Structure formats: structure tokens, C-alpha cells
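Read the structure below first, then the notes.
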Amino acid sequence: MAVFDTPQEAFGFLRPVCVQLTKAQTVENVEHLQAQLRAVGDSALQELQQYVLFPLRFALKTPGPKRERLLQSVVECLTSVLSATCVKDPGLLQELFSELSACLYSPASQKPAALSEELKLAVIRALSTLMHSAYGDIILAFYQPALLPRLGFAVSLLLDLTEQEKSKEIKTAAVHCLQVLLLQCECGDHPRSLDESEQMELGDLFASFLPGISTALTRVITGDFKQGHSTVVSSLRLFHKTVGFIMADEQLRRISGAQAMPAVEQRVAELMIHRKADWVKNTGAKLALLLKRIIECVSIHPHWKVRLELVELVETLLVKCGQSLVESASPLLKALVSLVNDESPQVQVRCSKTLRHLADQQVVVGSRAFTDILSENLHSLATSLPRLMNSQDDQGKFSTLSLLLGYLKLLGPKVNLVLHSMAHLQRLSKALIQVLELDVTDVKVVEERRWHTHELSASPEAPATARPWNHVQRRYFRFFTDERVFLLLRQICQLLGCYGNLYLLVDHFLELYRESVVYRKQAAMILNELVIGAAGLEVVVEGLYAKSPQASPEDLRDSITAVLEEYTSQENWYLVTCIEAEEMGGEFTVQPPGLPAITSGAHTCQVASFQAGSKPSPTICTMNSNIWQICIQLEGIGHLAYALGQDFRLLLMSALYPTLEKAGDQSLLISQAAMGAMMDMCLACGYDSLQHLINDNSDYLVNGISLNLRHLAQHPHTPKVLEVMLRNSDASLLPLVADVVQDVLATLDQFHDTRAASFVGVLHALLAALAQWYPATGQPPEQSVGQEDSHWSRRATLEKGPAATTATTTTTTSITAEDLEQFVLNYLKEKEAAEGNVSDVDDEEEAPSVPPEADESDRRPDMEPPLPPQTQIAKDVMERCIHLLSDKNLKIRLQVLDVLDLCVVVLQSHKNQLLPLAHRAWPSLVHRLTNDDPLAVLRAFKVLRTLGGQCGDFLRSRFCKDVLPKLASSLVTQAPVSARAGPVYSHTLAFKLQLAVLQGLGPLCESLDLGEGDLNKVAGACLIYLSAKQPVKLQEAARSVFLHLMKVDPDSTWLVLRERHCPELLTPPHSSLCPVRLLGAPGQQSPFTANVLHLLQELP
Amino acid sequence: MATPSLPPPDPQFVLRGTQAAIHALHFCRGTPAQGHPLLLSGSMSGLVHIWSLQTRRALATLDGHRGQCVTWLQMLPHGHQLLSQGRDLRLCLWDLVEGRHTVTDSVLLTNVSFCRSAVLAGAQPRWMLAVPGRGTEEVEILEMPSKTSVCTLKPEAGAKPGMPMCLKLWQQADSSSRPCLLAGYEDGSVALWDVSERKVCSRMTCHPEPVMALDFDSQKARGVSGSAEKALAVWSLDEQQALKACRNYELTNPGIADITIRPDRKLLATAGWDHRVRLFHWRTMKPLAVLDFHTSAVHCVAFASDGLLAAGSGDQRISVWSLYRRT
């Protein structure tokens, strides 16, 4: 709060102090004055400026040795006056300027005076304040050629200070002061901007200082990192401001050859510089040297603010002095570009902003020279790239590649200028290919196996990830390990794809792809990214140029088709990825590969696909490399799909089959990659799931399958594809499936001895699919339902008998003899029927002899009605199964039994078809049941159960005759073994077999409706297993057998059980009957007690 | 075979899904909007399928023959009109413009016959149609689209050629450009009719069995016919419009269902009852390839203008082959 606002009051107030100061120049007096000044208002002080300044100037000018302390306080006081007022008199300005600058100089040593740091700082600040306080036009009067020496003197003093002082504060202040002095101050206090002609004059004036300023600043900038960042930052700023002002294209353009030299005295005229073309050229060259040093030093400066300032520098110079500093453009751009991927986000942001700005301003594109420079840079970089990649560490590679990326970004569409030169393209591509070389020594890649063949169908996960292709399998490169390097490489390729001529690039890299196996993987990787870039989908471009990629949709489609064809061609797709013998399960036999008589345009096939395979033994490295190549190509297919979007649907006909084939590959990596590719396809073509994709394009798949089945030797995986397809289709595809199944069966017939294994898998999938698509509608079929029903009702009536019998044991109720008689009669009748004497049994037991279809009158008599396709298929398959049941290979026999089981299920409602087939299959099945590996017996038994469930009557006598004795005897012989065995026994095959037989026997007996004799056989064999000595599971299973037996024939079961163990004596229900004597004595404990009691309770 | 050691090539692709034996095939240019050639197939079940060769899928199905076998298909050069002949004794004229699939007109045939009709159409709106006629031995010539009967070609008295089995209408290359009809008959003879004068110019017995198919190259004045036996007969016309036998070519298996000369007159394809398609060099009649893919008799073969070959068979598949294409 100023106390004295009017000059009069202030004058009165200040006068004594000023007078005193003039008389005695002491620190106290100066401080007193300064204290007084605080109480004076700014406007009053402005009036009294000269008056107040006088004693201060006097103190400065007093000759003789001065005390520094005094000087400092005088200068500080002066500063405070100047900061509050403005200098309106040019003379005063000049004088003050000279006086202040003189303070810093010691005339004796011709050097800046050795003063205290505080004083220097004070003087520098005073100078700066002085220049700020210069009012309006007088500042221009100050910068007159005549004053050049004085100005130069100050400039050189300040530069010296900047360079030689130790204190950071002084250095920074000096630089700032210089900035003010050269009118490049950034504060907003300067009243007016200069017009063009004024700028010209000033530019000419300052040009004299340029050499000094630039060299001195360069020394500061490139000095020790330890000097702190602030000095470097301000020096950099001063440097680019000054250079940007003096060398501005705008000014230089308007300098005419003969400009009137201002009339000045000789001495000054020598100092004056006229910025003619040759001067500009020379200076440019000199500056280029300095700039190079600055960039080298600063771009690796540890402090980010310094690097940020470098970005500013580059921007200022490129924008303002693009022409005058054309020689420096290349290093400047290089600096800028390499900072794009700086570790500091601020620098990154600023840098990309600058780049965008440059692009917007068409600084590069607009000028031929720049493009040339960039191309040249790019070329030299490409040339040295391979060498750099070999020698540099990951960090170095990172920065080198960042640089490359930056160039590409800057060049934008102009990149074609570079690419169209064959030499450039070749160097660039060779470099990329070299860098991307994969490390293929890892054995794991070859070892990793996909074990679950059902994985595909079991993973219907929705392709939820937004950009699945962004997720790339981890790769190992020979020349780098840093993931960021790979990312950069991908971006580089994408940019090339985006701006480059796609035709040219795809052509070139396909050429390399074909040229050598060494290049193949890398070329494929590059192609993959090119395509993504060409589709303009990647955002890395960050809008430097218009995002629309150069390639038209047609070009893109053509290129993609070409790439796809190359990838999936025979020789590039079917590579050895594992040892063949292992893959084929030892059944591999080389068929002589055939060449087609006529090569047909798109569908070139079988061209020496076995080249690789015919080598004696591929090394691990080769296989690893092949695996990677296939993975990359699969990934590529995903990329292609992504790039084309919906248009890829058309290419599905050639892409889906190979991809699906690889999805079933044994190698884990390959199958993963294939799954990824399919996900990409789903996403691109708008399918919501893999299943949908496969289902919708089954016709394409079937086409591939059916054609490849014709050359099974070359396409051993074809059945797998069909398998996968079947798992993912639905009933709507039956016609297609039926069609291809004919091919499959024909091929199976042809190769049944060598390749049955793969086909049996297909048949299994096929039948499983059929069983799932057509669940038996009337299950169990109507006719047998009726039969069952009557059966049950009859059973119900009969059961009253034994129920009554047992009831008598507890309650002696009245059961008449007639009841008993009736029961016995029924029993006899039943027994007769059960023994197969069916002739006189009422026809409810018999299947209607006339097939229901036959009475359809409108059918032609000689033609049977056509079977539904699924039935026909099942029938055909079952016929094959009959033959394959006796295959030498156990694995195949097992699978065939499974298939047979499914066939029975599918055919259950077509007894006319099923029964003859079952009849034919029976001998072979019996053989499996009685004379085969336990595993086979197990499966065969399962088939038997299914068959029994479907056609009991048909099987009954056969079963009893052929199978039952064997089964019973094997159960009996195994019983002592299992009774004695320890806990490990439950893991043995024998145990499983016993268990399965015991578990299956019950239902079988029931469905076959066995007669009493056979039931007794079963009961006899199973009874031993009720012993508590047997493993618990077997006991349970045996109990279940008896539970089923009870349903079939409760009485005899009761008897059998009682014979083994009798809980209490039986009293005859009627006195006329003699008491029953059973083997098992009551109350006697035996190993069977528990189970028998349990079962007897279950008996009604 | 010229190169017996090499296995024959595979079809480029196979079209499935007709669910009935294929009895007629015809290529046509697609609409400019679609820009891709189409393949038309006629099946035993009376349906005509329109296949896109780009997507390899059926675009549309035409049902106009009441479930009776479609035996012949022909696009008319002007407009998108399709002629289809069925065993239901009807010739349907379909309008396929702008995705329409409607029968605009139909010609009723009176005689159950195996004979496929023939068309002679140029740029003019009027075109000529040859169909098996009322009498068993007759061929009727109609002027379309008015359906007016131009004439009936009856064999001269005494000749008992039997039913016409196959027809080929063509125009003489000389200035007169008179329409001529080549007809193969049940008795194995081929007759050349001058349509405007309604008389037989020449007749020649080529086969002991009925002529099943014939094609004629009017530029070279040379034709070929196949029958139920195992031989192809090549014959030519001299300046006096007389048929002259050139040579017979033995085949391994009997029965030719269809014969087509490729539009560029370089290749000849035959559809065999032995499930095979055979290719011959048309000028030299050198056998080039036996295409073995189908599992049932091949009923028809067709060439596209760009050289694509399609074969339809009783196994319900259409195989499309890309062979000896001009590059």
C-alpha cells in the first residue's frame, strides 16, 4: 500500500534520503532509500525516476575501488526502481545499459570482473529489468547499428558468464538476460510486436552475434550432464529462438541483393552483416555442425525436460528455417523421429504433436527437398539396419527401429517414392527379414502335444476379444528378446502396408517367401502385418495423414487372395511337424505321390508334397521351424479375414478347410494358432460361434473333404476334418453328410488295411452325431413298449404269488389251494415260454411279422420304400463295422465296437435293418466277447447290452448258447482271485471286467427275458460275489444283478438266496404241505449273510 | 490315354445339394450386377437350381415341372430368359430379370420323348425352336415367342428312323444363312434337314444303336455323335450338304449320354454311362483325359464360355473342372 501517491509528497519524502546518499555512499543509505521507496506509489515514482536514479547512478559511477556490498545494494535498488517505472528516454536507457554492463567488466584483465556471485546476479537481473522497462519505441532506438559495439559487449559478457560461471542461478539468469536482450523474451510485458521491416533490421543486427552466441551456447549445451538441466533447457531455448529469428526463411526470402546499407561509421560497418545468400549458406553449414553436436548430445540427455526442449528446437527450426537450414533437416528430423518413442510420455506426446503439426503444415510432403532427405535417411538407415540389428542391444534396436517407424510416419504416402526404387525396397525388406529371424532351437515347440481331440468341439467360447489378432503367440527371435521391438516391427510393417503400394509390397514379399525357406517365416509375418495395415485398421498411424489407406478394396481383395493361395498351397501348408510314424500310429505307408495329368488353374494340387517327407529324418530344428511357419500362416489367415471383414466369406471356401485341418493338428501351437484363426474368421464374417461358422460353411468343407479323400496318401488328415465338422454340425446338414459319407466309405473300403484307424474315428463321430441328431422317437419303440407293458402287468399278477408265499412266513393268512394251483399253472406256462418254446405262446411275445411299411398301397410293389438317410448311413457303417470287428489292431477293434454300439442305437427303430445286420455281426461279436483282450471284452459287453436292450428276443437263445456259459465260467474262475486280492486289485483290468460284467448282466437278463435255466446260471455265477470277502464294488454289482433277477423271476431268486443263507426256519403255510428244507441253515453266519439279507428285504 | 502314368486331375469343386440326379446343365453369364457366371442345373426331381460359381452355392431354385425330370436347359441370348424342358411334357420359358423367377410362357409337348429340344436364336427378337413333334418320328419347328408352328419335319415315306433322340439347330455360314437341323434318330442315323424347304438333305447311319447325343461345329462343318454303344462317330458335311462319315472312335465302355464341343472348338467332352467324362482334342480327336469322379452315370456335360467344364451325374453331384483353360 503506497503511502505517497502524489509526486510532491513523494519528493518531499525522498529528498532527504537522496541527498544523504549523494553525500555519503554507504550501504545503509542505499537500504534506507530502498525502504523509503516502498512507500512511494508507482506513478509518483515514475515522475521522480530521474531524481531517484541520480544518486544511485552516481554511486555506480564514482571512480575508485568500490565495495562490492555497496555496489550490490545500489544495483538492487536500481532494479527495484526500474521494475516499478519505465524508461522513456533513449539516452537514459543507453547510459544505464552501459553503466550496468560496465559493472561486470574488469578493463584490466579484459575479462568479466571477478566479482561476488551475488553482485553478478544483481547486475544481470538489473539489465534484464532495464530492458523490460524500456518504454515503447525507444527500445528500437536502442537497437541501432551505432550501438552495435555496446550491445555486442554486453552479449559477449553474458555469454562468458553463462559459460564460465559455476552458479546455476547466474547461468540461467544470464541466458534469460540474453534472451531479453535479443528480444526473444517470452513474458507478456512487451508492449508491441515488431513489424516485418523492423524484424529485418533487427535480424541483420543480431546476425553479427550469431556465431558467438551459437558456438558459446553449443558449448554450454553439450557440456557435462551434471551442470543441471535448467541451464541446458534455457540455453537450448535461447539457441533455437535466436537461430529461428535470424535464419527465418520468412526474413531471408525478402532480402534483396542490393539493400541500402544504413549509414554508419566505418568501425561499426565492419561489424554489420548483410544476410546474403552465400552468408546464409555458410552459416547454415556451420550451424549444421553445431546442431549435429547438440542433437547427438541432447537426444540422450537423461532429463526429459531437456529432450522436450529439443523437440521444441526441432519444431522451431524446421518450421521457421526449413530452407536456410536445409542441411540440418536430416539430423533434425532424425532427432524428432527418434524421440517419438521416448520413455517420457510428455516428450512422446509433444513429439507426436509436432510430427502431426509438421505433417499438417506439409513441411515434409510439401517440399521435395524434405522428401528426398527423408528417403535418403530411410535408405541409409535400411542399409545399416542389418548391421545395427546384429550389434546393438535391445535398447539400441528399439531406438533404431523407432527411428525407422518415425520416418515412415513422416513420409506417409510419400513412402512409395522410396519403395518404388528397387534398391531401397530390397534393402528395407532384407533388413526386416533379418531382424525377424526366429529362434528355432527350442525342442519344446515340437514336443508340445494336443492330447484332447475333443478340444475343438468342447470349446465353443465366443470370440469375445475385441481384436483377437492383436494377441500373438509368443515368439522367440534370434536377434532380440524385447517384446517392444517386435511391436515396433509390426507397426513398421503395418505402416508400410497402409501407405505403401500394396501390390508392389505383397508381390515383393511373396517373392521373398518363395525364394528361400530361410526367409519364409519372416516374409509371412511381414505379409500378415502389411495386410492389416493395408486394411487401415490399425490405429498406430495416429492420424498423421488421412487414415484412408492407399489400397483400394479391389486391390486388397486381390492381394489377400494371392497371399491366401500361397499360404495354403500344398508345398507351404503340409510341412513335416512331427515324426510321421508317430503321427500315423505306425500305419503309415507312403503312397507314390501322383501328379495330376493336367494342372488346373486355381486348384493346383499334389505338387511333390512329400518333398520334405522324403528326407530321411527331419531335424528338430526343421520341425520347429515348420511348426512356426504354419502358425504364422494360420495367424496370417486370421489377419486376412480381419482385414477383409465380410468379404472374407467368399474366401472361406479355400481357407476354412485348411484351417480346420490344422485345428486338429497334434502340435499344441499349431492347433492353438488354428483356433485363433478360426475365431478371427468368425469375427470377420459375422458368425457368433465356431459352430456356426463350421455349420454354415459345411458345403465348402465337404467339397474339400471329398476331393481330398481321393488322394488320401497326400491328405492323411482329411478324416479328422470331417470329424471336427460332424461334431459341429446339426441335422440340417444330413444330405451333405450323407453325400460325403459315401466317399468316406468308398475310401475306407479302398484303404481298410492301412488307414482304418483314422476312418473309424470319423465313423464314430458320424454315428455319435446321428444318434444325437435323431434321438429315437419312440424309445423304446412302440411295439416293444406294448410288449413290455403286457409283460409287466402279467408279472404283476404273478408276483402276488411269491409275495403271498413270503407273506406266510410272517402272517399265516388264508391262501387257498386254488390260488396255489393257479400260480403253479402259470408258472409252468411261463417256464415253457422262457425256454424258447414259443410256438404256442400267445402272439404278444412275437413281433408282428408284417412290417408296417409294406401295407402302404401306393408304393410300387417291386420297390422298397427308401430308407431315411440316417438309417441308410448307419446301415452302411454297420456293415463296415462287421468287417472291421476282426481287425488286427486292438485299438481299431475297440473303436469299432464303440461305433457298433452307436449303430445299434441309431438303428433301433428299424428292426428290419438292424436284425439281419445283428445276425451277421453276431459271430464276430461273440468272438470279441469270449476270445479277446479284456478291453475288447469290456466294450463288446457294452455292445451286447445295447443290443440286448433293442432286440432281446432275437438275442436270447444266441446269448444263452454262445456267450452266457463263457461269461459265467469266467466269473466263477475269477471270483477266488478277486476275493483274495488286495486294494490294488481294483485298478486292474480283470477287476474292471468283472465289474462291467456284473453290472451289465442284470439289465441284460431282464431285457433278454432269460429262461429259468439260464437265470440260474447267472445267479450261480453271481452268488459268489455276494460274499463279504469280495471287493465292495463287486458286491454292489452282484447285488444289482440279483435285483434285476428278482424282477424277472422273484421266486427262483428267493430260492437261490435262501439256499445260501436262511435267516429263519420256514413254516409251511398249510399243514398239508411238508416243511421246506433249505441248504442254508438258519442263524448260521456266513460271508454272504449281509448281502443276502439285504436282498431278501428288497424282495416284495 | 496320352499320359497313362499320371492320374487324372480333380474337379475344381463339386456342387452338392440338389438331392436328385442331374439331367441338364447350362452355363450362363450372370447379370451385370452379380458379375459372375452362373450355372443352371436341372434335376430328376423337377427342380432347376441356379448356382453362383463365385460362392459355389445355389442362389435360387425354380420349380416348374411338377416333380418331373428336367431334361434340357437353355438361356436365350437376348434378355434373361430361360427355357427348360421337363418330362411333364412342358417347355417353360422363365423370366429371370431382376431376381424374378416366374414362368412367362410354356409350350406343351404332345409326345413322350427322350429328345432334348434345340434353339436357334440370334439378336432378333424372334427365334426358332425345334421340339419333338406330334408323331413319334416327327420334329416340329416353332417360331417363338409367338409359338406359331413353322413346319413339321416328317421323314419321307419308307424311312423308319424311329423317334428323334437329339436335335441341333444351326444356320449355314454362307450368305443364305438358312436354318438347318441335325437330328439323331432311334435307328442310329443322323439326318440333316433343310428347315425352310422341309426336306432331308442327307441321311447317314452312324450307329447300330440309337443316337443319344450329337454336337456340330458349323465352322468346320464337322459333327460328332454318340450312342448307346461304345463308339463315337465323327462325320462331316460336304459342299453338297451331304453327310459323310469321317471316322469312328472306340471307347472302353458303352453309352454316351451327352456330347459338347467347347465354344472355342478346341475340346470335346462326352458324358459316359460308365461314370466318366472324356475329353478329346476336337480337331485331331486325340483322347486327352478321362475324368473319373462320379459314382453314377454322367448325364450331361456343359462348357462355359471361359472354358469351365461342368458335368452332372446320377450321383446327385455336379463336378466343375478347370481344364486346358486359356491363360
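Every value quoted in this text rests on a predicted model; they were computed, and no experiment measured them. Throughout, a chain's letter reflects where its sequence line sits, starting with A, and its residues are numbered from 1.
Formation of a donor-acceptor pair under 3.5 Å by the A/N703 side chain with backbone atoms of B/V14 is found in this model.
Between B/P9 and A/R710, the shortest heavy-atom distance links the atoms O-NH2, 4.0 Å.
Counting heavy atoms from C-beta outward, A/S706 and B/F293 have side chains that approach closer than 4.5 Å.
Residue pairs meeting the salt bridge (Lys or Arg N to Asp or Glu O under 4.0 Å) criterion with at least one partner in residues 41-59 of chain B, sequence neighbours excluded, are A/D699-B/R57. Pairs of residues two or more places apart, or lying in two chains, that qualify as salt bridge (Lys or Arg N to Asp or Glu O under 4.0 Å) and include a residue from residues 310-324 of chain B are A/D739-B/R317, A/D743-B/R317.
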| field | Working for side chain to side chain contact (heavy atoms under 4.5 Å, CB included), residues B/T295 and A/Q742 | value | CA-CA 9 Å; B/T295 52; A/Q742 296 313 315; over 6 Å; no

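By the neighbour-count criterion of 12 heavy atoms within 6.0 Å, atom CE of B/M44 is sparsely surrounded, having that number or fewer from other residues, nucleotides or ligands. Residue B/R283 places its CZ atom among 12 or fewer non-hydrogen atoms of other residues, nucleotides or ligands, all under 6.0 Å distant.
Note that CG of A/L707 is 9.5 Å distant from OG of B/S319, once rounded to the nearest 0.5 Å.
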